[in-house]
Amino acid sequence: MPKRLSLFHDAHRIYADAFVADAERHVNSAVAGITISAAFASATMYSSGHHLEVIAWFVAVAAIGLARVLLLRPGLRGTGEISAIAKCKSLVILALANGVVWGLGGFAAATVATPGQFFMISILLSGMMGASAMSYGAIAMPVPAFVVPAGLGFLAVWVAFPDAPLATGSIATIAYVAVLIRGAFSNERSFIAKLRAEERATDSAETVRLLMNDFTEQASDWLWEIDGGLRIVNPSDRFIHVAGREGLQLSGKAFLDLFDETSERRQLESELRNRRVFRKLTLPLTISGKRRWWALSARPCEANGGFRGVASDVTAQREAEARINHMAHYDALTNLANRYLFNASLDHALNRLLDRHRICVLYLDLDQFKGINDTLGHAVGDALLREVGKRLENTLNGRGLVARLGGDEFAVLLQDENLDHVAMTIAHRIMENLRDPYVIEGSEICIGTSIGVAFADPQGPSASDLMKHADLALYRAKELGRGKVVVFESALVEFALARRELEMDLRTALTDGDLRLHFQPLMDLQTNKILGYEALVRWHHPERGLILPDEFIPLAEQTGLIVELGEWVIREAAATARLLPGELTISINLSPAQLRSSQLLATVVSAVAHAGIAPSRLELEITEGVFLEDSEDCMRILRELRTFGVRIALDDFGTGYSSFGYLRRFPFNTIKIDRSFVAELRESDDCRRIVRAISDLAHGMGMSVTAEGIEDVSQLSMLRDLGCEVGQGFLLGKPMPFQLQMGKSLQTG
Ligand code: C2E
Ligand code: MG
Ligand code: MG
């Protein structure tokens, strides 16, 4: 469809209002100017004698002017509102009418006027055209509508009267018309360009405003502004909301008063007073009774002499940081300081130690804690540790730092002038307080503690040495038996060194063949026949002579050498069993550490195979200590050994913790009653009753009972009466090398 020819293009329609408004501004002065010019022209022509025509012409000009004023009257209503574009169109029509009237008037004047009069009218008309070009305002179309017919009138004069000077005036007029039209359109273009630029500017301002709203409503940040007196100016809705106040309460309020009186607030005040830019300054404040943290960044604002900035609520972040910090320094279970904080505090205290002051570390370890954890479960173990932590804190009552270093190890840091006496009093009080029974989940639990104590003064030792000293003292306390307090002394270092030396020697003993097995007979108490022998390891030290297992087995266990040592014992014992007549058995002692080694089963199987004996000719003796270890794995290995066919005995029965429970956890072949019961048989009714109970229980469960440490005949006969079928002891035969043992049995046999 062909596009309809139109006077106006899109820009006119879009900016019609602006065009009309511009035209409105000029209309009164323009119409007044035109009317006055027409009056002059009429007055000039009046003398030509054509009065009626002159008056009619003037009336026409005035009427068109009036119509224009009425058209552009602001808020013109008629039957309905006239649209701006319709007004523009009407304006063009009026301009055209005006031009026609002036053109006709000019031509008519030329026919009757004297050259002087016509010159006068020409000048008036040129001025009119120039003025009118501007009088329509920014809209261009009325200008050609007016100046073209008006100019044509003059052109007609030139055509009709070709002789100068009128012709010259006409040509000048035509050039003038062209310039005016061009100027009008260029004026219109720049007007439209200006409007567009304004529009873009408002557009982007609006976008910014929308974005700002979004920003303040959705983001966790908000903007704030304060004046030169540090008072809040124009708080945004979000600012008011997060501050938990009414808008009026916040506006004009002293900014600093929002924040809690802290060093951070003093820093903020200093930044503001010195008009410095600052970034991410974090301050605490209290809103509705709750402490919150805001991070502020701002720069001085020249416009109001104050500051403008952005703030965000970083409370959650602060709290997370605080939690992480707490976790890094405190033990999650007991909420006591952890090893890290304890060491840091110790360093700090040592660095700032005053003359004559001392520092003391108490290093604690619960006795038999593992047994509780294993038998009563980890939940009870945890509850016990928490309870121990509480008792420690109550005992210290703020006089020192209590820490849990891990597992069942605790430490206390003390600092004072006359510390020696104080520290020992506290250590013993701790010992007593921790010894009181605990009731956890309905069960009553008793637990002891061993404590190592070490001191430092400004001269030394260093923090790490101090901890080593306390550790050595604790080790010694455990060695001396449980429930002891030992103060570090330099002899303990020598002791530790000697142990270190012994450890090295033990390594070489294994390779140099300095270990030997002695054998002690096990005897049937009814028939007095030897049933087998227990293999007991001995160390022939090249310098120190014979060393008994009680001295080096614990060392081998601590250093892990026990696995290698145990393997040697197993092979040696199995090889010896092969030399024994008939069904005689060999008993082998196992350490808990050996049961933890995945090698054990393979070692036993290969030793048995190598010796070419029935597996049942070996009996492995374990102690209750096994149950204090990671018992599930140990139990599995024990079951596998039993399935293979070796016998399993529970050694030293009755000395450990919660003994009877263990009998239900594994089907032992033999129970060996500890020699401490045998030693007291004569004196103690209780002992006799216990031995009777053990043997009844064991027989009931299909286990045989061996009594250890039989040293005299009365013990022997009592044990027979109490139902023990097997006996072992110096009375029946001392441990000795195999050859000697064989020689003896040949003699006695
Ligand atoms: P145990 O398994 O209870 O061995 C019995 C201990 O009691 C032996 O001490 C033995 O000499 C001693 N004994 C035997 N009859 C009597 C007596 O009538 N009166 C007294 N007072 N003592 C008697 P020994 O040989 O010093 O061994 C001590 C402990 O060392 C053993 O106790 C055992 O637990 C451990 N042990 C010995 N050899 C080995 C080994 O090859 N491997 C492991 N892991 N431990 C071993
Ligand atoms: Mg034994
Ligand atoms: Mg024993």
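Counting convention: from 1, in listed order, for ligands and their atoms alike.
- Distance screen at 4.0 Å: atom 9 (O) of ligand 1 has no protein heavy-atom neighbour inside the cut-off.
- No other N/O/S atom of Asp651 lies as close to the Mg ion (ligand 2) as OD2 does.
- Among the backbone and side-chain atoms of Asp674, no N/O/S atom is found under 2.8 Å from the Mg ion (ligand 3).
- Among the backbone and side-chain atoms of Ser587, no N/O/S atom is found under 2.8 Å from the Mg ion (ligand 2).
- In summary, no N, O or S atom of Asp652 is located under 2.8 Å from the Mg ion (ligand 2).
- Polar contact with ligand 1: present for Ser591 (N/O pair, distance under 3.5 Å).
- Under a cut-off of 6.0 angstrom, the local environment of CD in Glu683 is crowded, with over 12 non-hydrogen atoms contributed by other residues, nucleotides or ligands.
- A heavy-atom separation below 4.0 Å is found between Glu534 and ligand 1.
- In terms of distance to the Mg ion (ligand 2), the nearest N, O or S atom of Glu534 is named OE2.
- Contact annotation: for His518 versus ligand 1, there are no heavy atoms closer than 4.0 Å.
- Considering only non-hydrogen atoms, atom 27 (O) of ligand 1 lies nearest to Pro549 out of Ala593, Pro549, Pro521.
- Residues Val361 and Phe342 are in side-chain contact: their nearest non-hydrogen atoms beyond the backbone lie under 4.5 Å apart.
- In this structure, Gly566 has no heavy atom closer than 4.0 Å to ligand 1.
- Among the backbone and side-chain atoms of Glu621, none of the N, O or S atoms lies under 2.8 Å from the Mg ion (ligand 3).
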Determine, step by step, whether Asp505 and His541 satisfy the side chain to side chain donor-acceptor pair (under 3.5 Å) criterion, reporting the C-alpha distance in whole Å, the side-chain angles of both residues, the deciding distance to 0.1 Å, and the verdict. CA-CA 8 Å; Asp505 290 350; His541 193 281; 2.9 Å; yes
